[in-house]
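Ligands are counted one by one from 1 in listed order, and the atoms in each one are counted from 1 as well. The model shown is predicted, which means the values in this text are computed figures rather than measured ones. Counting from 1, the numbers follow the sequence of the chain as shown.
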Amino acid sequence: MAVRSASPEDIYATHPEKKVSLYFMVLGFIALTIGVIFGPFQIFNYADIDLYPALQPLFKSYYQGLTLHGVLNAIVFTQFFIQGSLLYLQARDSNVRPLMPVAWAAWWIALIGLALAAWPLLLNNATVLYTFYPPLQGHWAFYVGAALIIVSSLVSVFLSVEMWVRWKKQNPGKPTPLVTFMTTATWMMWGLAAIGLVVEAVFFLIPWSLGWIKGVDPLLARSLFWWSGHPIVYFWLLPAYVSWYGLLPRQAGGKLISDPLARMAFLGFLVFSTPVGFHHQFADPGISAFWKGVHTVLTMMVAVPSLMTAFTIAASLELAGRANGGKGMLGWIKALPWNNPSVVAQLLGAIAFIFGGAGGIVNASFTLDYVVHNTTWIPGHFHLPVATASTLTFFGIAFWLIPHITHKPLAAPRTALAGVWLWFVGMMFMAFGMHMMGLQGVPRRAHISAMSAVNDGIYASSAFYMVFNAIAGVLLTIAAVQLFYVLYATLFSRRRLPADQVPEIPFAEAISGPEGKNGVKVMDRLFFWWGAAVVLVLIVYMPTLVQLFIHMVPAPGMRLW
Ligand code: HEM
Ligand SMILES: [Cu+2]
């Protein structure tokens with residue numbers, strides 16, 4: 001090798017935040033590896049194939065596996081990956097070093113929280129699913145661990161906002177750099193969104209699981225849960241958008257069309273992500289139809305920034321394709337870098353999101369939800385935005401970011417490419433099978449492949465769609481093996497890239513930049529917009545929550561597993 005490669009000490013010396021980011025991302029991927037194992041078992045279940053006897057005696061039930069799947073994939077993996085990747089991108093974009101001891105504290109709190117929550121989960125003492133609705137009662141360590149994981153995320157909120165404020169002080173009058181703007185807005189959004197879960201955990205779940213209070217009001221608990229439960233999906237999604245706006249155009253060979261439009265989309269999310277949670281409670285009693293209607297309308301508002309994103313990203317990609325020599329109406333698509341697994345992962349994730357968005361608008365349409373609520377339609381739906389759009393994009397980011405941080409080359413890029421495609425196609429099969437079965441009334445969260453003799457065959461009319469789920473199970477198993485192989489082979493590789501081949505951070509340039517635009521100045525007042533979001537949340541939640549607090553009907557806990 002002509003160029004000397006760097007030793008690990010050199011790599012971290014100039015940018016110590018690299019290490020903590022890597023630690024966060026790796027911890028997230030370890031959680032994902034365990035969580036995803038149950039996925040194929042679950043989709044085969046919905047093909048009426050029961051593979052759970054094979055998991056005995058390690059895992060006690062379908063529902064223990066499903067709890068691990070939901071918690072590890074949706075809560076732990078997403079959050080930890082986001083904490084690592086956004087911290088790093090913001091630090092490099094704004095050239096501000098995070099408060100390193102605080103960043104490490106966040107990591108340790110996350111690790112301790114994960115360990116505490118994992119203990120009852122693995123011992124079958126918290127088989128309550130990742131929504132943990134009372135009166136189902138898990139072990140206290142599950143709630144305390146989950147609460148610590150949320151605390152860690154709030155430390156990340158502080159880290160991001162503190163870095164942004166410091167940048168502002170050092171650069172008076174300048175518009176915040178785009179990636180910094182997007183990451184700060186994301187964390188501020190989560191800072192407001194997390195309050196519901198924090199209140200639920202601190203005032204109800206933890207004291208209850210420790211025996212200090214006798215019962216919890218299920219309706220109040222659910223309402224607090226969904227205060228956070230909807231915006232948490234934007235917390236999973238916005239980091240993917242950060243990459244689609246801020247990096248993908250450059251990776252595709254072009255530029256971002258409009259920087260101010262990207263900012264506007266993120267402000268839309270900051271303001272409208274949280275005041276919408278009742279769309280998860282359309283079927284709940286004790287919440288007035290009026291407020292359910294208000295949340296319906298606001299939910300439609302939050303679709304607008306995603307539609308804006310679709311146009312901005314598609315236009316940026318089209319420009320990239322044309323810059324690469326693509327001609328004609330569709331030729332630009334062919335001219336995108338389809339041999340780059342990082343790009344392809346993100347493109348396929350974005351395509352899946354189009355279908356996910358359409359289904360989401362159905363779910364959010366108040367009375368339409370009664371057709372699909374609590375059926376397999378719902379997991380069919382959310383595996384598009386979360387398990388495909390976000391997850392594939394996070395893999396896509398990892399494909400360049402891990403080599404960037406570690407100086408280790410991406411192992412087996414062709415396997416990565418195949419894994420990304422198979423994951424996408426598998427999820428499409430699964431989405432079709434599950435959506436259609438849901439329309440036939442098959443419930444979600446049910447071990448339907450192991451039903452008692454009396455009920456056996458009651459879902460026989462879905463046999464055709466079950467074939468799609470079986471195919472999905474095969475494709476997704478192969479895809480998962482390929483993707484995790486690439487990931488761990490990269491991490492464990494002993495090869496080092498020569499310094500001139502280490503991937504750079506692909507921050508994209510914008511064709512229409514932020515400079516000198518009055519709108520950008522107004523949008524830059526993030527604290528003001530955060531305040532507006534708080535006011536909106538109080539308006540749409542307080543009338544209901546105050547009533548619920550006044551008329552609490554605590555129910556004793558139950559363990560039915
Ligand atoms: C190999 C890939 C995967 C497969 C085959 C798969 C399959 C499934 C199936 C069939 C269900 C429905 C189970 C039921 O309702 O009884 C489910 C639930 C779920 N999955 Fe996945 N999944 C995969 C990956 C992921 C990923 C990557 C995420 C998130 C990042 C995720 C998040 C969830 C969540 C949150 C639930 C809901 C759990 C619940 O209802 O309590 N899945 N999965
Ligand atoms: Cu929602």
Side-chain angles (χ1 to χ4, degrees), residues 28-29 31-33 35-47 62-79 81-82 127-133 193 226-234 236-237 240 273-274 276-282 295-296 298-299 302-303 349 359-361 363-364 369 374-395 419 422-424 426-427 429-431 433-434 437-438 442-449 466 469-484:
F29 275 119
L32 184 72
T33 312
V36 159
I37 290 174
F38 298 98
F41 285 83
Q42 286 158 200
I43 196 64
F44 281 123
N45 165 59
Y46 277 108
Y62 180 82
Y63 304 96
Q64 186 190 4
L66 188 56
T67 308
L68 282 160
H69 181 80
V71 171
L72 292 176
N73 292 349
I75 297 178
V76 176
F77 159 64
T78 48
Q79 181 186 312
F81 184 85
I82 291 164
T127 298
V128 293
L129 304 184
Y130 82 125
T131 42
F132 44 81
Y133 297 141
W226 287 112
W227 166 311
S228 306
H230 183 77
I232 203 173
V233 307
Y234 287 111
W236 301 333
L237 196 63
S273 287
T274 310
V276 298
F278 289 168
H279 73 226
H280 291 267
Q281 299 184 274
F282 285 140
H295 283 225
T296 302
L298 287 167
T299 308
V302 80
I361 290 176
N363 306 341
D369 181 59
N374 270 347
T375 69
T376 57
W377 168 288
I378 303 298
H381 155 68
F382 66 65
H383 280 73
L384 296 172
V386 179
T388 316
S390 294
T391 302
L392 277 184
T393 299
F394 294 174
F395 268 105
L422 275 187
W423 185 280
F424 171 77
M427 282 293 174
F429 271 91
M430 167 167 155
M434 295 289 275
M437 284 174 73
V442 180
R444 70 184 283 199
R445 300 181 152 180
H447 195 182
I448 66 161
S449 58
M466 290 181 177
N469 288 341
I471 296 171
V474 175
L475 297 180
L476 287 167
T477 305
I478 303 171
V481 170
Q482 289 176 319
L483 291 177
F484 287 118

- Counting heavy atoms only, which of Ala479, Pro385, Pro379 comes nearest to atom 12 (C) of ligand 1? Pro379
- Atoms of ligand 1 under 4.0 Å from any heavy atom of Met430, numbered from 1 in the order shown, are 6 (C), 7 (C), 8 (C), 9 (C)
- Message: Heavy-atom distances under 4.0 Å decide this one: backbone, side chain, both or neither, for Ala472 against ligand 1?
- Response: neither
- Mark yes or no for whether Thr375, through its side chain, and Trp377, through its backbone, hold a donor-acceptor pair below 3.5 Å. yes
- Message: Yes or no: does Ala480 have any heavy atom under 4.0 Å from an atom of ligand 1?
- Response: no
- Task: Show which atoms of ligand 1 fall inside a sub-4.0 Å distance from at least one heavy-atom site of Leu476.
- Result: 1 (C), 5 (C)
- Task: Nearest heavy atom to atom 35 (C) of ligand 1 wins, so pick from Tyr130, Phe38, Phe132.
- Result: Tyr130
- Note on the structure: Looking only at protein heavy atoms, what sits closest to atom 11 (C) of ligand 1 is Gln42 NE2, 3.4 Å
- Query: What part of Trp423, side chain from CB on, backbone N/CA/C/O, both or neither, has a heavy atom under 4.0 Å from ligand 1?
  - Reply: side chain
- Message: Side chains of Val442 and Tyr46, heavy atoms from C-beta outward: is any pair under 4.5 Å?
- Response: yes
- Task: Using a strict 4.0 Å cut-off to heavy atoms of Ala446, name the atoms of ligand 1 that fall inside it.
- Result: 16 (O)
- Message: Could you check whether Phe278 and His295 have their ring centres less than 6.0 Å apart?
- Response: yes
- Would you mind listing which atoms of ligand 1 come within a distance below 4.0 Å of any non-hydrogen atom of Val386? 29 (C), 30 (C)
- Taking the side chain as every heavy atom from C-beta outward, state whether His279 and Asp369 have any pair of such atoms under 4.5 Å apart. no
- Message: Give me the nearest non-hydrogen protein atom to atom 18 (C) of ligand 1 as residue plus atom name, then the distance to 0.1 Å.
- Response: His383 CE1, 3.5 Å
- Item | Top protein contact for atom 4 (C) of ligand 1, by heavy-atom distance | Gly39 CA, 3.4 Å
- Message: Below 30° counts as parallel, above 60° as perpendicular, anything between as tilted: where do the rings of Phe81 and Phe29 land?
- Response: perpendicular
- Message: As a test of reading the structure, name the N/O/S atom of His69 that is nearest atom 21 (Fe) of ligand 1.
- Response: NE2
- Any nitrogen or oxygen of Thr78, main chain or side chain, under 3.5 Å from a nitrogen or oxygen of ligand 1? no
- Message: Hydrogens and angles aside, do Arg445 and Thr376 bring a side-chain donor and acceptor to less than 3.5 Å of each other?
- Response: no
- Hey, would you say the Phe424 and Phe429 ring centroids sit under 6.0 Å apart? no
- Flag the pair Met466 / Ile448 as yes when at least one side-chain heavy-atom distance between them is below 4.5 Å, and no otherwise. yes
- So Trp236 and Thr78, side-chain hydrogen bond (donor to acceptor under 3.5 Å, both in side chains) or not? Walk me through it. CA-CA 6 Å; Trp236 301 333; Thr78 48; 3.1 Å; yes
- Query: Hey, which N, O or S atom on His280 ends up closest to the Cu ion (ligand 2)?
  - Reply: NE2
- If we only count N/O pairs under 3.5 Å, is Asn45 in contact with ligand 1? no
- Going by heavy atoms in the side chains, are Leu32 and Phe484 under 4.5 Å from each other? yes
- Option of least heavy-atom distance to atom 40 (O) of ligand 1 (set: Arg445, Met434, Met427): Arg445
- Query: Of all the atoms in ligand 1, which lie at a distance below 4.0 Å from a heavy atom belonging to Tyr62?
  - Reply: 13 (C), 14 (C), 16 (O)
- Query: Which residue supplies the protein heavy atom nearest to atom 34 (C) of ligand 1, what is that atom called, and how far is it?
  - Reply: Phe382 CE1, 3.4 Å
- Query: His230: which N/O/S atom is nearest the Cu ion (ligand 2)?
  - Reply: ND1
- Message: Using 30° and 60° as the class boundaries, would you call the ring planes of Phe77 and Phe395 parallel, tilted or perpendicular?
- Response: tilted
- Please answer whether the main-chain N or O of Thr33 pairs with a side-chain N or O of Asn73 as donor and acceptor at a distance below 3.5 Å. no
- With atoms numbered from 1 as shown, which atoms in ligand 1 lie under 4.0 angstrom from a non-hydrogen atom of Thr391? 27 (C), 30 (C)
- Do the side chain of Tyr63 and the main chain of His447 share a donor and acceptor less than 3.5 angstrom apart? yes
- Heavy atom of the protein closest to atom 29 (C) of ligand 1 (residue, atom name, distance): Asn73 CB, 3.4 Å
